[in-house]
Amino acid sequence: MPELPEVETVVRGLQKVLPGRRIVEVRLGKTDFIEDPAALERELPGSRIAAVRRYGKFLVFDLESPQAGTHKPALLIHLLIHLGMTGQLITCAPDASIAPHTHVFFVLDDGRELRYKDPRRFGNMQMVVQGNGSPLGSLGPDPLEATETEFVQQLRGHRARIKALLLDQSVLRGMGNIYADESLWRARINPMRLASSLKEAELRQLYRAVQTILKEAIRLRGSSISDYVDCSGERGEFQLKHRVYQREGKKCARCKALIRRVIVAGRSSHFCPNCQPVPRARRRKK
DNA sequence: AGCTCTTCCTGAAAGC
DNA sequence: TGCTTTCAGGAAGAGC
C-alpha cells in the first residue's frame, strides 16, 4: 500500500516527465472517489503542470490554468491525489492497453497519457483552487523534514499508544502501517506502549529509526506487496527488507524469537516479543 | 482525548 | 473442485 516512500517514488518519477506539460483532456470512468468530477473535466483541460510534489501521502499537482479571454494571471489550481490502498498513477502511450479499474485518463500535450487505476477505489482525488482552503492544512509535520526536537515534541505526552500516533496523519504526515511497524522494531519499542510512557531517549531512538527506515525504503523505491508499482509500472524492493511486517510466526532477524501480530488501534501490528517487550501490565495486589 | 466499530471496495486466501 | 466467507486496510464518522 502506498505510504510515504511509495508516494515519494511515484512523485520523483512523475517529476521527470510532467512539469511543463499541458493537460489536453480529462476522461473519467467511475467517479465515486472524486470530490467533484465535473470540475475536473471542466477546469483542468488547457492547464499547465507547473510542479508535482508530495505532501504526506498525497500527490499534489500544481497547475496553472489560463483565464481564457481575460488579462488576468493564470489561475493556480492544486490537484490532490491520495492513492489509498490500491491506487496507481502510470504514464503511458495512448495506445497502451487499458488495465482493468482504470478510472481517470489525463491526456497530455506530448501525446502521452497519465492514467489513474484503483481497484478498491479507496483513493481520493480532488481539485483545490488556490485560496479556497485545502484538506492538507490539518496534517502534522513530515517525518523526514522534522528535526529530532519537533518529532519528539509531536509524540511526547499523548495518552494514545505509540503505534496509533505514528498512523495519525495529524501528528505526523506520511507514515502508514508498514513503516510504523518496521520503525518500531528498529527502535525496539512495542507498538502497544503508551506514548506518555516513552522516555525521551526512546523517542529519539524512534526518530532515528524512522529516518533510517524511510530513507532506505525510498532508496529501494518502496514496498511492493500486492499492488504497488511506480509510475513506470516497476515494483519496489523494500518488501525484501521487511523485518516484522507480515512476518507473523517467522524468526526475528535480531534474536530469532517468533514475530507476533496483535491489533493496535484497529490495525495489524507486527513486533518481536523479545526485542520489543510488552509493557508489564500493572497489576494491583489483591 | 482516544478507543472501538462501521463504512467504503475488490481480490486473494481460507474454509467447507 | 467450487462455492461462500473472511480478511486486508487509509480515512472519516459515530458513539462511548
Side-chain angles (χ1 to χ4, degrees), chain A residues 1-8 10 28-37 54-60 80-89 98-104 116-126 128 133-140 142-143 153-184 190-198 214 217 222-229 235 239 242 244-249 259-271 279 281:
Chain A
M1 57 230 74
E3 304 178 22
L4 187 156
E6 289 77 26
V7 178
E8 181 68 24
V10 172
L28 303 176
K30 289 188 180 175
T31 58
D32 55 358
F33 60 96
I34 303 174
E35 191 89 355
D36 184 353
R54 178 182 66 76
Y55 195 90
K57 294 181 207 173
F58 285 85
L59 288 106
V60 182
L80 273 44
I81 301 179
H82 193 299
L83 300 176
M85 293 289 301
T86 53
Q88 294 180 1
L89 273 171
I98 296 171
H101 308 291
T102 302
H103 300 303
V104 184
Y116 180 75
K117 170 192 164 185
D118 188 356
R120 289 184 209 177
R121 305 204 299 286
F122 272 24
N124 181 268
M125 206 175 280
Q126 64 180 299
V128 177
S134 96
L136 301 180
S138 58
L139 301 186
D142 188 294
Q153 195 69 39
Q154 286 300 108
L155 295 178
R156 67 143 53 111
H158 288 268
R159 265 167 291 191
R161 302 184 191 282
I162 187 62
K163 172 68 182 276
L165 285 179
L166 290 177
L167 295 180
D168 185 338
Q169 302 297 300
S170 69
V171 173
L172 289 170
R173 60 176 194 256
M175 301 274 288
N177 212 26
I178 297 175
Y179 299 100
D181 280 4
E182 293 297 323
S183 298
L184 287 169
N190 188 286
M192 310 244 290
R193 297 270 303 275
L194 300 183
S196 55
S197 80
L198 293 172
L214 291 179
S223 301
S224 290
I225 295 188
S226 52
D227 297 83
Y228 168 73
V229 291
R235 289 167 60 85
Q239 69 279 6
H242 290 179
V244 284
Y245 186 75
Q246 288 193 348
R247 293 179 52 80
E248 182 183 15
I259 300 302
R260 287 191 51 199
R261 184 175 78 97
V262 292
I263 302 296
V264 183
R267 295 277 162 255
S268 267
S269 299
H270 312 75
F271 68 101

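- Following rounding to the nearest Å, A/R120 (CZ) and B/dC8 (C1') show an atom-to-atom distance of 12 Å.
- Separation of atoms CD (A/E6) and CD1 (A/I225) is listed at 8.0 Å; rounding is to 0.5 Å.
- A ring-centre distance under 6.0 Å is not found for A/Y116 and A/H103.
- Nearest to the side chain of A/R159, among B/dC9, B/dT10, B/dA1, sits B/dA1.
- If you take CZ of A/R161 and C1' of B/dC3, they are 9 Å apart, rounded to a whole angstrom.
- Spacing between atom CD1 of A/I225 and atom P of B/dA12 amounts to 15 Å, rounded to whole angstrom units.
- Distance, A/K163 NZ to B/dG2 C1': 16 Å, rounded to whole Å.
- Residue A/N124 contributes atom CG, which lies 14 Å from atom C1' of B/dC9 at whole-angstrom precision.
- For the pair A/L214/A/Y179, a side-chain contact is recorded, criterion being any heavy-atom separation below 4.5 Å from C-beta on.
- Separation of atoms CD (A/E3) and NZ (A/K57) is listed at 5.5 Å; rounding is to 0.5 Å.
- Rounded to an integer number of Å, the gap from A/H103 NE2 to B/dC9 P is 11 Å.
- In this structure, A/Y228 atom OH and B/dG11 atom C1' are separated by 21 Å, rounded to whole Å.
- Between A/A164 and A/R267, it is A/A164 whose nearest contact on DNA chain B lies nearer the 5' terminus.
- With B/dC9, B/dT10, B/dC3 as the candidates, the nucleotide lying closest to the side chain of A/F122 is B/dC9.
- Note: A/M175 CE to A/D181 CG = 9.0 Å, rounded to the nearest 0.5 Å.
- Taking five base pairs at each end of the helix from B/dG2-C/dC16 to B/dC16-C/dG2, the local helix axes there meet at an angle of 50°, rounded to 10°.
- Rounded to the nearest 0.5 angstrom, A/I162 CD1 and A/R193 CZ are separated by 9.0 Å.
- Once you apply a 4.0 Å limit to the heavy atoms of chain A, the touched nucleotides of DNA chain C run 5' to 3' over C/dA8 to C/dA11.
- Annotation: the span from A/L167 atom CG to A/Q169 atom CD amounts to 8.0 Å, rounded to 0.5 Å.
- The side-chain heavy atoms of A/V10 and A/P2, taken from C-beta on, include no pair separated by under 4.5 Å.
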Side-chain donor-acceptor pairs under 3.5 Å in residues 260-268 of chain A, sequence neighbours left out?
{"residue": "A/R261", "atom": "NE", "partner": "A/E248", "partner atom": "OE1", "Å": "3.4"}
{"residue": "A/R261", "atom": "NH1", "partner": "A/S268", "partner atom": "OG", "Å": "2.5"}

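- Nucleic acid contact class of A/D118 (heavy atoms, under 4.0 Å, all strands): none.
- With rounding to whole Å, A/M125 atom CE is found 21 Å from B/dC8 atom P.
- OP1 or OP2 of B/dG11 lies within a sub-4.0 Å distance of a side-chain N or O belonging to A/H101.
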